[in-house]
Amino acid sequence: MHVEYTPLEPAAAHTAETARQQSTSLDIVTLSRTSSSSTAPTIDDAGPKPPESSEPGVRREIGLISASSIIIGQVVGSGIFSTPASVALLCGTPAMALILWFISGVFSLGGALASAELGTMFPQNGGMIRYLAHSYPRPRALVATIMAYSVTFFCRPAAIAANVAIFSQYFFYAAGRADYVQDRDYLLRGIGALTMTALLLLNVVSVRWSLRLLNFFALVKIATLLVVSCTGFLLMVGAVERTAGTNWSRGFKGTRLDAQSFASAMTRLFWSWEGWSNVGYVVGEVKNVKRNLPLSLGLAMSTLAVLYILANVAYFSVIPLEDIDNGTLLAAQFMDKIFGRTVGQVILPVCIGLSILGVVMSELFGGGRLMYTAGKTGFVPYGAVLGDIHPRFGTPIYALLIIWALSLVFLFAPPPGKAFDLLVDLVQEGMWYFYALTAFGVIVLRRRLPSYPLRRFRSSLVLSFLFGALSLLLGILQFYPPAEVPGKKKPELPYYLAPLLGVIFMALCLIPWYLRMWRYVNRSGVQLLAWIKEEEQDVMAMADSQ
């Protein structure tokens with residue numbers, strides 16, 4: 001999810017835990033035990049049927065709507081309200097910008113459907129941590145371990161901190177107090193910390209009410225996009241009067257397709273679509289996974305695709321390319337012209353603030369499950385604690401608390417200015433490589449486990465490959481000099497600093513991987529990664545017995 005961070009101008013798992021993991025088949029299915037009264041599990045046409053609760057203590061409370069809300073909550077931040085301006089200016093024409101929006105949407109759908117296939121195969125919490133462990137188990141789950149440490153201990157809490165630090169800015173803008181945004185950095189962080197704490201408490205005590213709040217935030221996002229999109233449609237059919245512009249009549253005249261512009265535009269576009277992977281982190285709590293997981297991903301992404309395209313049409317049917325003020329959200333300019341200053345400078349900032357708060361809620365909800373999985377699967381120490389589910393609330397309480405504490409550190413540790421801006425950039429680095437490897441993992445598992453019984457959904461291998469290849473390319477292009485966007489200040493820090501630090505941080509994750517997966521395992525004799533093969537063998541054995 002791409003977030004524009006200058007929003008508006010005045011306008012070690014314990015041995016006992018590991019032993020439990022080794023003896024319990026780690027959560028995909030519960031095999032029938034030998035007894036006079038036991039009966040074999042039922043198998044439908046697609047293979048073994050997972051039990052209603054595939055993880056001890058975890059309750060399946062996420063239905064189709066809530067799963068879609070988790071996706072929308074992560075995808076829609078402030079990106080769609082600001083990114084179209086930068087993309088169009090980089091491309092040179094709104095027509096080419098629309099084509100790139102469509103291409104990036106199709107490729108992102110390929111990544112989402114790849115995640116849906118893997119999620120039905122391994123229907124437990126953890127998402128990419130589990131997918132990468134099964135796809136690349138050698139050497140000693142290196143890829144999954146790096147992902148577990150870099151995302152759970154850095155990327156996710158840093159992203160929460162970055163988003164919660166700016167959401168309140170929009171409310172101050174709406175109140176006409178831009179001076180608070182400019183001069184009271186730690187006040188904004190304090191408000192963010194209190195808000196994050198309140199969201200944490202809700203995440204801890206009630207999954208149901210957390211989902212209801214996520215649904216509310218998703219409703220706000222969709223309603224805001226619908227207002228923009230429907231206005232764009234009315235403009236197209238002439239139901240709303242407007243001054244004739246030159247954006248569409250110019251066609252592709254003036255389009256720029258140099259490597260720098262293309263790379264910069266596609267990076268912004270893909271971060272505007274990013275967030276569909278979040279539902280994979282909580283798939284162990286999704287009802288009827290084989291139906292609701294693929295359907296929620298398809299429903300959310302296709303809905304957003306239509307709204308994103310219509311929003312772009314609306315923007316550029318009203319705002320000439322030459323009149324774009326890249327210091328102000330494009331959506332604010334649009335709302336000012338169509339509905340007046342009150343809507344553009346008051347109502348819209350409030351809606352965007354709520355959208356970003358929805359991102360924070362979604363990141364906390366999924367982040368807690370990430371930390372829970374990292375501990376339960378043995379990637380990080382103290383798995384008996386991190387993998388604990390509260391018996392009353394049914395939530396990973398200790399994992400949520402650690403994510404919250406780490407987010408507070410990232411929120412208050414960086415000084416204002418360049419250091420905090422660098423943190424914002426860093427949370428986006430490195431994820432491209434994990435997305436690429438996850439998409440390629442679909443192809444790997446099709447060859448290694450061609451008849452896996454829990455593969456209830458098959459994605460397009462072509463789209464999976466294209467998404468993986470483009471994600472890998474975008475990861476590499478971070479080291480390529482970006483194109484300058486007209487109206488945007490040139491970053492004060494070197495463009496290569498954030499991706500370089502991201503790669504260095506991932507390289508440093510080799511240290512805990514060695515200490516945990518080699519030194520600790522060799523000295524203790526505990527097989528931390530036995531669960532990977534056991535999960536696969538248990539499902540295959542269950543199918544063979546039918």
Under 3.5 Å, is there a donor-acceptor pair between the side chain of [X] and the main chain of [Y]?
X	Y	value
Asn125	Thr373	no
Arg448	His134	yes
Lys221	Ser355	yes
Thr83	Ile80	no
Ser229	Leu307	yes
Ser362	Ile70	yes

Parallel, tilted or perpendicular: rings of [Y] and [X] (30°, 60°):
X	Y	value
Tyr173	Tyr170	perpendicular
Trp276	Phe467	perpendicular
Phe339	Phe334	perpendicular
Trp101	Tyr308	perpendicular
Phe107	Phe270	perpendicular

Of the non-hydrogen atoms in [X] and [Y], which two are nearest, and what is the gap between them?
X	Y	value
Ile403	Thr152	CD1-O, 3.6 Å
Thr120	Lys290	CG2-CA, 4.0 Å
Leu463	Gly110	CB-CA, 3.7 Å

- prompt: With a 3.5 Å cut-off and no angle check, do the side chains of Trp273 and Ser104 form a donor-acceptor pair?
  reply: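 Indeed, the side chains of Trp273 and Ser104 share at least one donor-acceptor pair under 3.5 Å.
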- prompt: Does the side chain of Ser69 come under 3.5 Å of the side chain of Asn215 through a donor N or O and an acceptor N or O?
  reply: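 Looking only at side-chain atoms, Asn215 and Ser69 do form a donor-acceptor pair, the distance falling under 3.5 Å.
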Supply the atom-to-atom distance [X] [atom1] to [Y] [atom2], rounded to the nearest 0.5 angstrom.
X	Y	atom1	atom2	answer
Thr195	Asn163	OG1	CG	12.5 Å
Leu90	Met96	CG	CE	13.0 Å
Met196	Leu411	CE	CG	5.5 Å
Leu118	Phe457	CG	CZ	11.0 Å

message: Please report whether the ring centroid of Phe365 lies less than 6.0 Å from that of Tyr281.
response: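 Ring-ring flag for Tyr281/Phe365: false, centres at least 6.0 Å apart.
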Check: Met371 and Arg156 side chains under 4.5 Å, non-hydrogen atoms: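 Contact flag for Arg156/Met371 side chains = no.
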- request: Taking atom CZ of Phe465 as the centre, report whether more than 12 heavy atoms of other residues, nucleotides or ligands fall under 6.0 Å from it.
  value: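 No, because the 6.0 Å sphere around CZ of Phe465 holds 12 heavy atoms or fewer from other groups.
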- request: Check whether more than 12 heavy atoms from other residues, nucleotides or ligands sit under 6.0 Å from atom OH of Tyr495, and answer yes or no.
  value: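 Yes, because the 6.0 Å sphere around OH of Tyr495 holds more than 12 heavy atoms from other groups.
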Distance under 6.0 Å and angle within 45° of ring axis: Arg212 vs Phe216: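 Verdict for Phe216: no cation-pi partner in Arg212.
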message: Run Tyr136 and Phe440 through ring-ring contact (aromatic ring centres under 6.0 Å, His included) and show every step you take.
response: CA-CA 10 Å; Tyr136 313 100; Phe440 292 146; 8.7 Å; no
